[in-house]
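Quick note on labels: first sequence line is chain A, next is B, and so on, each numbered from 1.
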2 protein chains.
Amino acid sequence: MAEHAGVSQSTVSRALANSTSITEATRARVIKSAEALGYMVDTRAAQLRQGRTGTLAVVVICRAGEAASDINPFYFSLLGSVCAAASGMGYQTLVSFQATPDQLFGKYEESGQADGVIVIGTTANDAAWQYYRDLSLDGRAVVFWGSPFDELEWVRSDNYEGGLIATQRLIAAGYRNIVHLGAVDSPQRQFRERYEGYQAAMAAAGRPASLQEVDYEADRETQGRSAIAAMVERGDIFDGLFIACDSIALGAMDELRERGIAVPQQCGIVGFDGIRAGIHTSPPLTSIEPDFEVAGALLVATVLGEEGAQMAERRVPVRLLERGSVRSAE
Amino acid sequence: MAEHAGVSQSTVSRALANSTSITEATRARVIKSAEALGYMVDTRAAQLRQGRTGTLAVVVICRAGEAASDINPFYFSLLGSVCAAASGMGYQTLVSFQATPDQLFGKYEESGQADGVIVIGTTANDAAWQYYRDLSLDGRAVVFWGSPFDELEWVRSDNYEGGLIATQRLIAAGYRNIVHLGAVDSPQRQFRERYEGYQAAMAAAGRPASLQEVDYEADRETQGRSAIAAMVERGDIFDGLFIACDSIALGAMDELRERGIAVPQQCGIVGFDGIRAGIHTSPPLTSIEPDFEVAGALLVATVLGEEGAQMAERRVPVRLLERGSVRSAE
DNA sequence: CTGAAAGCGCTTACAG
DNA sequence: CTGAAAGCGCTTACAG
């Protein structure tokens with residue numbers, strides 16, 4: 001390559017790396033040769049020399065035995081946003097799906113494969129979270145979406161705000177007995193925050209908070225179904241539901257339909273996550289959606305240790321996605 | 001590292017690479033030192049020397065302006081399956097989402113970043129397909145999911161079979177006027193194949209085939225809605241629909257509901273792709289699902305140029321996912 | 001502004 | 001079975 005352009009290897013490198021200490025004439029010649037020869041810089045070699053990788057690892061934690069098509073679609077949206085944000089910052093993304101303990105691998109930094117790790121996915125996989133927690137405590141650059149551990153670097157939705165506006169919306173529509181379907185003691189820290197937002201809105205309206213716990217060991221749809229079944233069989237009175245996650249809400253809606261409870265007439269529902277499947281239920285599911293673009297950008301900025309990616313700013317704003325599972329405000 | 005274990009660099013390398021020409025005693029010592037020092041082989045350097053990358057690039061072609069949450073969930077399932085299959089073969093996966101012409105990048109092989117490229121995603125993005133077609137014609141290892149070009153290396157669902165069994169199911173349930181919603185001349189080659197399966201089943205039942213074309217420039221849900229709107233407004237008689245893709249079917253079901261046409265009583269529906277959102281429509285959407293595990297494995301084997309990954313075997317088997325949008329067989 | 005040389009961290013003939 | 005040396009394809013001080 002250097003030979004073809006009649007310059008040294010150093011000059012080729014500088015020309016292609018846009019170094020300023022190169023005549024435009026020389027650069028042009030080098031570039032023309034590169035095109036003629038179909039030459040491209042070997043990224044591996046360049047990065048080895050530079051001591052960086054230009055790559056970020058994104059690991060999606062799954063439940064054991066969960067196929068790709070069973071993964072909560074919310075995480076796929078997040079994955080896409082992270083890849084886009086990384087690409088915008090000039091980083092490639094090494095993606096892997098990890099479920100069982102033997103699949104766990106996060107030593108990307110140690111093996112020179114990535115400059116940092118972004119962990120997203122189900123918090124129910126204890127082994128995985130312990131593994132990545134240790135990695136982080138070991139001083140590696142790893143950032144989590146919605147970590148169960150406060151000491152780690154995390155980025156989360158503004159869950160409190162989401163719970164607040166979801167509940168306010170239900171109250172404004174005139175529903176009286178609004179129950180929250182979720183969990184306060186699960187590793188899903190985000191669930192507790194959503195509950196607290198719900199609680200605040202209820203308190204402000206002078207109404208008691210009421211929580212129906214879901215069994216987070218079960219799959220999400222079963223969680224929703226079982227929760228509704230339990231409430232109905234107990235004879236609970238409710239006409240509004242703020243549900244901690246859309247996938248759970250989908251199961252809840254199925255159960256309500258089978259039991260003949262009409263949404264939104266007899267029961268209003270607001271979910272959380274804004275997944276697309278909620279567009280096609282009947283009625284479509286009203287939900288709280290985080291700003292995915294901000295989520296991706298924040299995760300990437302945080303793992304890269306950017307200035308400005310301070311703790312206080314790691315909250316992703318949310319908005320109400322008005323669809324059809326809540327009747328109009330009174 | 002070598003110093004700590006009291007051996008040469010070569011020995012360290014051989015011990016860690018499980019070379020047979022190493023005493024177990026030496027290997028044990030090296031491994032212990034590695035653990036003590038937290039040493040790991042630098043993958044980049046190893047691969048540079050070995051002339052391979054141990055990595056596969058997976059590019060998801062999107063529509064311009066499409067956010068991650070708008071991507072057809074089918075492709076996410078496929079993406080997950082590909083990553084899992086690659087991982088099973090000892091390969092990492094470099095994932096990117098590409099929509100606009102300036103985002104197009106597939107020179108992973110040339111730049112030493114991957115040993116091959118797997119292209120999946122919407123066929124409606126002409127520029128992208130041309131780009132990857134050129135890359136493939138240039139001799140690069142690139143394999144496509146459902147390519148519009150016959151000369152490329154592709155892996156596809158057994159679309160003909162899928163169309164056949166979907167239509168047979170509708171016929172068996174006693175629906176008389178079964179229409180296909182799809183396209184025969186779109187770049188989606190798979191759509192034509194699905195139509196042909198439909199056609200064969202109709203012919204075998206002695207019934208005429210009837211095609212309602214969708215406008216593949218629009219987004220998928222609009223395609224479904226508009227197709228139904230057109231049929232109803234024209235006064236077409238139909239009581240069965242085999243729809244080329246679930247995302248289109250979801251839109252069609254929304255439109256049917258709004259127009260008061262009951263599924264499956266007045267109209268039976270079978271979609272294609274088996275996306276999860278179809279579980280929560282009412283009724284749930286009966287669909288044809290490819291075996292994702294086989295799809296991922298075949299894509300990976302093909303791009304790696306494995307023996308046995310012959311053309312004839314690049315068809316992914318499909319099965320009927322019985323849900324609720326077709327009434328029981330008579 | 002450009003070139004010759006060193007070196008990033010490995011693996012692999014080549015000797016012994 | 002193990003070591004010394006070369007080399008994978010780059011970038012970057014160091015000279016000029």
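- For Arg52(A) and dT11(D), the CZ to C1' distance is 13 Å, given to the nearest whole Å.
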Original post:
So what is the 5' to 3' dot-bracket string for DNA chain C, if pairs are Watson-Crick or G-U wobble with both distances under 3.5 Å, crossing pairs use [ ] and | means the partner sits on another strand?
Top reply: |||.||||||||.|||

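- Picking from dG9(D), dC10(C), dC10(D) the nucleotide with the shortest atom distance to the side chain of Ala45(B) gives dC10(C).
- Using the six-membered ring where Trp is involved, Phe292(A) and Phe74(A) have ring planes that are tilted, between 30° and 60° apart.
- Cation-pi contact between Arg133(B) and Trp129(B): absent, since separation from the ring centre below 6.0 Å together with deviation from the ring axis within 45° is not met.
- Among the atoms of the strands shown, only primed sugar atoms or phosphate atoms (P, OP1, OP2) are found under 4.0 Å from some heavy atom of Ile22(A).
- Taking the ring centre of Tyr91(A) as origin, the terminal cationic atom of Arg52(A) falls inside the region bounded by 6.0 Å and 45° from the ring axis.
- Ser10(A) comes within 4.0 angstrom of a base, heavy atoms only.
- Residue Ser8(B) places its side chain closer to dA4(D) than to any other of dA4(D), dC8(C), dT11(C).
- Residue Glu293(B) places its CD atom among 12 or fewer non-hydrogen atoms of other residues, nucleotides or ligands, all under 6.0 Å distant.
- Within the 4.0 angstrom heavy-atom criterion, only backbone atoms of the sugar-phosphate kind lie near Thr26(B); the bases stay farther away.
- Nearest to the side chain of Thr23(B), among dC8(C), dC10(C), dC1(D), sits dC1(D).
- Between Arg27(A) and Glu24(A) a salt bridge is recorded (basic side-chain N to carboxylate O distance below 4.0 Å).
- Checking Gly6(B) against Gln50(B), the closest nucleotide of DNA chain D that is more toward the 5' end is the one next to Gly6(B).
- Using a 4.0 Å cut-off between charged side-chain N and carboxylate O, Asp150(B) and Arg189(B) make a salt bridge.
- Atom CG of Leu48(B) is separated from atom C1' of dT12(C) by 14 Å (rounded to the nearest Å).
- Residue-level contact check: Gln9(A) touches the bases, meaning some heavy atom is under 4.0 Å from a base atom.
- Within 4.0 Å (heavy atoms only), Arg14(A) reaches at least one base atom of the nucleic acid.
- Heavy atoms of Ser13(B) sit under 4.0 angstrom from at least one base atom.
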